[in-house]
2 protein chains.
Amino acid sequence: MNQPGLRERKKRKTRLALIDAALDLFAAQGYEATTVDQIAAAVDVSPRTFFRYFATKEDVALSSPVDGQEVMLRELAARPAEEPPFVALGHAMRAVVTALQEGDLTETARFLKTRELVESTPALFAGSIRRMMENERRLIAEIARRESTSPDDLLPHFAVSLFTAVARVGFESCHPRSPQDLPAFGERLEQILALAERSLRPGWDRPRSGADAARPGG
Amino acid sequence: MNQPGLRERKKRKTRLALIDAALDLFAAQGYEATTVDQIAAAVDVSPRTFFRYFATKEDVALSSPVDGQEVMLRELAARPAEEPPFVALGHAMRAVVTALQEGDLTETARFLKTRELVESTPALFAGSIRRMMENERRLIAEIARRESTSPDDLLPHFAVSLFTAVARVGFESCHPRSPQDLPAFGERLEQILALAERSLRPGWDRPRSGADAARPGG
DNA sequence: GTAATTTATGTCAGCCGCTGACAGATGACA
DNA sequence: TGTCATCTGTCAGCGGCTGACATAAATTAC
């Protein structure tokens, strides 16, 4: 049993406790109105300790979607190389949604709570977008790797950028609140992916003739 | 001569002085390392007064691009109704770039300084994106109006979202530093717009059969 | 099982962004 | 010139966040 030591388990526990306490307080009285002191007090921990687990108050609120992005990237890397970029991205996203539907209930609940919070809190919305964009860079790199082109090629940028656009429209036009809403959300995503596919020329996301190369900082 | 009074002129002057002092300090020592007190001191104004001109430190840094978004929206509203959404958006953006090239030099300089700052400061980058997205809503509304569909229709969302994707790729792949770089930047934008057009089916951004309607909050 | 070492936590002091309240200065207007 | 509206400075204070130091707890070595 390669079980982590007591210390590790304890840390894991307080971390989750802090997240859940924070999410509950945020939902009850709003993100801005909740102080870090309150969160720390709810878990019986000193405020200073809170900042040893999370760099910022924003971090504790957005810790959950980060995991989703990790899943997404892993799934993308696992897609067969023959799939065109946009198709592979679509499948990776589907995998995230199914993981959400079939995964741990408490974790799914955290994810949904966070989504609601992000929607209703501009500051968190900005932070969420920022993380999404940092993740974009990794997606671009992965697509470039798959297609054996440079990450500075315009095509991976465009493909990923267009994909995030689709994902964003999905979240803007459908707001899942409970696990039961997830199937409908999945369907909505399919609808938008279909719209995108219908709007695009077949083969658009495959490199051609190397004409669109771009150097960074140009 | 409907000239504004002395009071108004003074306010305008301190406002610009604060922006320029802030931009210079940010460039010299970084955004985070610069305190509001320093900015206020540089303009010989109390820190409290600073916050009467700008709600946050972020605001003083991002005041310039906001104007660009206003121009963009105005230009879009002025485009002829026959133009399909994506074409109209493209022309509106071109208008912004030319306005930047032909407009007031000091203002263009502010814009470019801000761009550089935003690129190198994650916090500002997030804020910049957030403003961009708030603006997206207005663009969507305008497109919906032009096309006589509901703002809840998926199509305006998709069109605008895809357009912002293009704009973002433009800024990511070309970093204009001085007014002389603007022509090259314009060309880069054309290149990406061409790539987008080449990737999309003709007529994709025009509503068809009313099949893609979506209700909000579904 | 105890001692030595590492690591997590609490306490304290303090900076910085930001705000409300009040008082004094300054431009607007009759 | 005097009244009024508005802008500005001062002060006190909250909340996010950090460094430094001491203490407590878990891990490791003996």
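In this text the structure is predicted, and so the values were computed from the model without any measurement. The chains referred to below are lettered A, B, ... by the order of the sequence lines, with proteins before strands, and numbering in each begins at 1.
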Fill in: Beyond-backbone contact of A/R15 with A/S63, side-chain heavy atoms, under 4.5 angstrom
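With C-beta onward as the side chain, the pair touches.
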
Discussion item. Using the rule given for salt bridge (charged side-chain N to carboxylate O under 4.0 Å, His left out), can you reason through B/R145 versus B/E142, listing the C-alpha separation, both sets of side-chain angles and the distance that settles it, and then say yes or no?
Written reply: CA-CA 5 Å; B/R145 193 190 62 72; B/E142 175 61 21; 2.8 Å; yes

Worksheet entry | Within-4.5 Å side-chain heavy-atom neighbours: A/D20 and A/V43 |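 No, side chains not in contact.
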
Worksheet item: Any donor-acceptor pair under 3.5 Å joining the side chain of B/R48 to the base of C/dG20?
Response: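 Side chain to base: pair present.
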
Worksheet item: Of all the choices, C/dA21, D/dG16, C/dC18, which nucleotide is nearest to the side chain of B/T56 once you look at every atom?
Response: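 Looking only at side-chain atoms, B/T56 lies closest to C/dC18.
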
Worksheet entry | Gap between atoms CZ and P, on B/F50 and C/dG17 respectively (whole Å) |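 Roughly 9 Å, once rounded to whole Å.
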
Worksheet entry | Spacing of B/D59 atom CG relative to C/dC18 atom C1', expressed in whole Å |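 After rounding, the reported distance stands at 12 Å.
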
Worksheet item: So which nucleotide from D/dG16, D/dC17, C/dG17 ends up closest to the side chain of A/T35?
Response: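 Looking only at side-chain atoms, A/T35 lies closest to D/dG16.
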
Discussion item. Counting only heavy atoms not in B/D104 (residues, nucleotides, ligands), do more than 12 fall under 6.0 Å from its CG?
Written reply: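 Buried by this count: over 12 neighbours within 6.0 Å.
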
Practice prompt. List the steps and the verdict of side chain to side chain contact (heavy atoms under 4.5 Å, CB included) for B/T35 and B/Q38.
Written response: CA-CA 5 Å; B/T35 65; B/Q38 289 175 346; 3.2 Å; yes

Worksheet item: Of B/E58, B/Q69, B/E136, which meets side chain to side chain donor-acceptor pair (under 3.5 Å) against B/R131?
Response: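 Answer to the side chain to side chain donor-acceptor pair (under 3.5 Å) test with B/R131 among B/E58, B/Q69, B/E136: B/E58.
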
Practice prompt. For B/Y31 and C/dG17, give me the distance from atom OH to atom C1', rounded to whole Å.
Written response: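 Interatomic distance, OH of B/Y31 to C1' of C/dG17: 9 Å.
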
Strictly under 3.5 Å: I want the nitrogen or oxygen pairs between protein and nucleotides 6-8 of chain D, one per line.
unit_1: D/dT6; atom_1: O2; unit_2: B/R7; atom_2: NH2; d: 2.8
unit_1: D/dC7; atom_1: OP1; unit_2: B/K11; atom_2: NZ; d: 3.0
unit_1: D/dT8; atom_1: OP1; unit_2: B/Y53; atom_2: OH; d: 2.9
unit_1: D/dT8; atom_1: OP2; unit_2: B/Y53; atom_2: OH; d: 3.4

Practice prompt. Round to the nearest Å and state the distance from B/K57 atom NZ to C/dC15 atom P.
Written response: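 These atoms are roughly 16 Å apart.
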
Item to complete: Provide, to the nearest angstrom, the distance between the CD atom belonging to B/E32 and the C1' atom belonging to C/dC15.
Response: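 After rounding, the reported distance stands at 14 Å.
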
Item to complete: Nearest whole angstrom, please: distance from the C1' of C/dC18 to the CG of B/D37.
Response: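 For the pair B/D37 CG and C/dC18 C1', the rounded distance is 11 Å.
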
